[in-house]
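Quick one: this structure, given as structure tokens, is what I'll be asking you about.
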Amino acid sequence: MDFQIEPAYEAKKHEDSIYKKWEESKAFSPKIDPNKKPFTISLPPPNATGTLHLGHAAMIAIEDIMIRYHRMQGYAALWVPGTDHAAIATQSVVEKKLQAEGIKNPRQELGREKLLLHIRKFVEESRSTIRNQIRKMGASCDWSREKYTMDEDMNVAVNTLFGRMYEDGVIYRGGRIVNWDPNMQTTVADDELEYKEEKAKLYYFKYGPVTISTARPETKFLDKVIVVHPKDKRYKKLVGKEFEFEWIDGPIKAKMIADDCIDMKFGTGAMTITPAHSLVDYELAKRHKLEAPQIIDFNGKIKPEVSKEFAGLSITEARAKIVEKLREKGLLVKIDEDYTHKVAVNYRGKGTIEPQIMKQWFVDVNKKVIQWKKKKCSIKEVLQDCIQSKMIKIVPRRFEKIYFHWIDNLQDWCISRQIWWGHQIPIWHKVTAEQLKILNSKNDTSTLDLERLNINEEVQFSTTQPKSGQWFRDPDTLDTWFSSALWTFATLGWPNHTEDFKYFHPTDVLETGYDILFFWVARMILASTYALRSDKLPEEQCIPFKTVYLHGLIRDINGKKMSKSNPETCIDPLDMIEKYGTDSLRLSLVMGSSPGNDMRLYEEKIAGYRNFVNKIWNASRFALMNIEKKDLDAEFNESMIKSNADKWIMTELQKLIKSADHDLKNHQFSGAGTKIYDFIWNQYCDWYLEISKGGQKNPAVLLYVLKNILKLMHPFVPFVTEAIWSNIGKTMLITEKWPEYNNKFIFKNEAKATELTKEIITKIRSIRSESKVEPGKKIHAFVYGGKNTENIEQDKETIMRLARLETMELSISGEKVKEAKSIFLNDIEIHLPFKGMLDLDKEKKNIQAQIDQKNNFISALEKKLSNKEFIKKAPKEIIEKDMERLNSEKEQLQKLKDQLIEL
RNA sequence: GGGCGCUUAGCUCAGCUGGUUAGAGCAUCUCGUUUACACCGAGAGGGUCGAGAGUUCGAAUCCCUCAGCGCCCACCA
């Protein structure tokens, strides 16, 4: 025995040192090589200050499988890692931290530069955590090319794209209704909203000639319009008229208009509108050219201009008081207590959204400025075309539909955020000396101040202070998704067309959760096509990736979203790595999951795969116990394959290589994994190794199959396979060549003989178990099976050993066995004909049924092919395919007929 | 209101373009320490593939209807 290996695999002992070896070998860093094809993935950058959760773990596992598979296939496989600055999330964490330290209003007290310093320090301190956690997962990504969305060169890229879009008039500043979060004092994009169901009161008030219903009386001060449906008979005569009546702060005048957005069945069918604080009302007001006065200020309080009595009150305070006042005036009709409605909240921080009208920066999605396939196209059209023309494929397919639907409803994208952590908008506003003084007098000057001062519309795009005149830089930063939209190409050096960029872009696969299809995926397509088309690259090089693979969400055992607030079912990937090893965790995240579908994860599943990892380890250990060091040097060739079992396992291995390859190419990772798993455990271990324990030991095949198993399994379980490989390989497994399907190693007849041997053994075992043979009783088996008998003659020893037979008589016909029968009288006897022959009639019937089925099919197909109309209409390929099918079916039919005759 | 997905063994899920007797893991039951592994081995039980109708020689798979669950989108004041 030349190899000394411990009897159990301890992941902790190996993982860190193996990862270090990989890194040091530079296996993760592909060189630009014109003789190789590139394969690129950009890691969706986790939050720089975050920690690894199961979603990340699943993402890394899947991406690493793709990268390792391609690397072994000889691609220059590049996986670019990085982290995201997560603007709102990070700034609010740091602000809260500072507040806890006694700085009540960090923005006001510290000012921009100092606060940013605190944030940078915080990010720097916590950034290594996530990096190390990615390493823990075994990610074979190229750390030498690591990026951070706030890197200096990322800023250059962001500003470059911003500049081009600004010059094209695609980025514009405009007053529009936006989602304002009074808590965080910033705007939020439409798709960053979440809707929470909330129970509320629905108030009915007398409002001039009608009764209106509202859940938000506090916004109703200046409502001057009653809206009804044009077809509503109750109000038809009143439309267009003006009314004067008593309201919250005395008498007001209001006009009635008609619009078909009104639901006649809701409430009384009449409503008033508050354009400044409701997205719907704003659209309606725009259609009817109505005023939109601000009622609630940016802190969520009633403005003094609106009402002296209620000035400065918060929404909830004001609501109660206003309702009380209207009740006193006798205008309150009733209160519906059982009303539920949806409240928009910021998905980060969960603050309630208060729609506001304000000046913000937008990306125009409808302006036709992109030169795309010989036409001027808008962003919207390009986004559509990329998927429609199949330049980009989404896996699974159904998400393409969802994507199109989203684009149809796409509105201009609000890209400015009123926070400081992020890429500051490279725009300068022209101001007067006096205005500049006011703006500079405050630490926390915001875009609201610009609005209050009513500054000049003149702006200039520049990343540095313009020289002549007084200019004030726009205080806002860009939406995080604006910078992460450039991820695929800016990480490769853009705006410079570096060697990396030219070689590795477009990337091959973007793998991410379906929950950020809109947030991120669509925006990456937007940024990439815009930026690279303006570089005059051909269209097919402008897409950020060729395939989008969307994985599902990881849920807990009850199907709920995993959250730390539920520690019983919440799983921390790092705990699992500690307990079961990375390989086990990776398998549990990949196996049994399919793209786009959510998956439940629980500890038992991970433990199950730990058992498998250990099985690989021990199977290898056994194989190596039967191999000598000198065997490692021998080149494997056909003549080394000897027994039926050898030929069978070699044949099975070829089948496995073929199907695993097919699955991996088609993003069916679970399928590939399951097939390899089954091969290792149920074929190699349970049969081949067991057979090997007898006289049929063959180190050459043992080793050859082992090596191939390790290679096939490596993308899934990189650590344990590499650990085993270190005993037998000269170089590391990570850079070994992927197994190739080889016709030479297919042995149909011998493989079939071994299948028969397996069946016989299984059958005897089953009989033994069912008939409850007492321990110590001897079993004598008589096996007879026609012409196949000769083929399994050499497996006699194996059958006897594995089925634990005392004696075995093998014969072509049953006659000889009958004679031998009298020899064994006292012990258990088993008469075992080959498969099916036990019940000859049944077998015959079975085959006859199959023949009938084939006959039916063939006649149906022939009928179809003799139909002249079909021949005329159908495409050639289909007819050819049918012809092929017909021939193969006929062949199969003949085989079945032969079988029947044989019986 | 519109769209999408899921429903397969007790549990968690595979099942790609229709094709032998529908699979796996876990759990259950019965055996078993044998040249690696008890994180093991052998065997067994367990499914009218959500319901109904249709296309087909043939349906878990394709079409339609319905039900339950879940998700996304959208202008319920």
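Letters A, B, ... mirror the listed sequences (proteins, then strands); counts begin at 1. These numbers were taken from a predicted model, which means no experiment stands behind them.
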Of B/A36, B/C39, B/C72, the nucleotide closest to the side chain of A/Phe518 is B/C72
Taking the minimum atom-to-atom distance to the side chain of A/Glu690, which one of B/C37, B/G15, B/A42 wins?
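Shortest atom-to-atom distance from the side chain points to B/C37.
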Item to complete: Evaluate whether atom NZ of A/Lys206 has more than 12 neighbouring non-hydrogen atoms of other residues, nucleotides or ligands under 6.0 angstrom away.
Response: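 Count over threshold, so yes.
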Interatomic distance, NE2@A/His277 vs CD1@A/Ile296, rounded to 0.5 Å, equals 4.5 Å
Check your understanding: Which nucleotide, B/A44, B/A77, B/G41, lies nearest any side-chain atom of A/Met271?
Key ->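 Closest of the options to the side chain of A/Met271: B/A77.
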message = With a 4.0 Å cut-off on N to O distance, would you call A/Arg801 and A/Glu797 a salt bridge?
response =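 Judged by the 4.0 Å cut-off on N to carboxylate O distance, A/Arg801 and A/Glu797 do form a salt bridge.
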- prompt: Do the charged groups of A/Arg397 and A/Glu400 touch, with an N to O distance under 4.0 Å?
  reply: yes
Within this structure, what is the CD1-CG distance for the pair A/Ile554 and A/Leu589, rounded to the nearest 0.5 Å?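 One gets 5.0 Å once the value is rounded to the nearest 0.5 Å.
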Are A/Glu10 and A/Lys12 within salt-bridge range, i.e. N to O under 4.0 Å?
no
**Report entry** Check: A/Glu283 side chain, B/C75 base, donor-acceptor under 3.5 Å
**Finding:** no
Side-chain contact check for A/Thr762: nearest option of B/G43, B/A77, B/A42 is B/G43
*Do NZ/NE/NH1/NH2 and the carboxylate oxygens of A/Arg610 and A/Glu603 come within less than 4.0 Å?*
no
Encoded 5' to 3' (Watson-Crick or G-U under 3.5 Å; [ ] crossing; | other strand), RNA chain B becomes (((((((..((((.....[...)))).(((((.......))))).....(((.(..]....).))))))))))....
Collect all protein-nucleotide pairs involving nucleotides 1-9 of chain B in which both atoms are nitrogen or oxygen and the distance is under 3.5 Å.
from : atom 1 : to       : atom 2 : distance (Å)
B/C4 : OP1    : A/Lys401 : NZ     : 2.9

| said: Between B/A27 and B/C73, how far apart are the two C1' atoms, rounded to whole Å? | reply: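 The same atom, C1', in both gives a distance of 41 Å.
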Walking RNA chain B from its 5' end, the first of A/Val280 and A/Tyr9 to be reached, judged by nearest nucleotide, is A/Tyr9
*Test item: side-chain donor near acceptor, A/Gln683 and A/Lys758, under 3.5 Å*: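 There is such a pair (donor and acceptor under 3.5 Å, judged by atom type) between the side chains of A/Gln683 and A/Lys758.
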Rounded to whole Å, the CZ-C1' distance (A/Arg804 to B/U34) equals 7 Å
The nucleotide from B/C37, B/C72, B/A77 with an atom nearest the side chain of A/Lys615 is B/C37
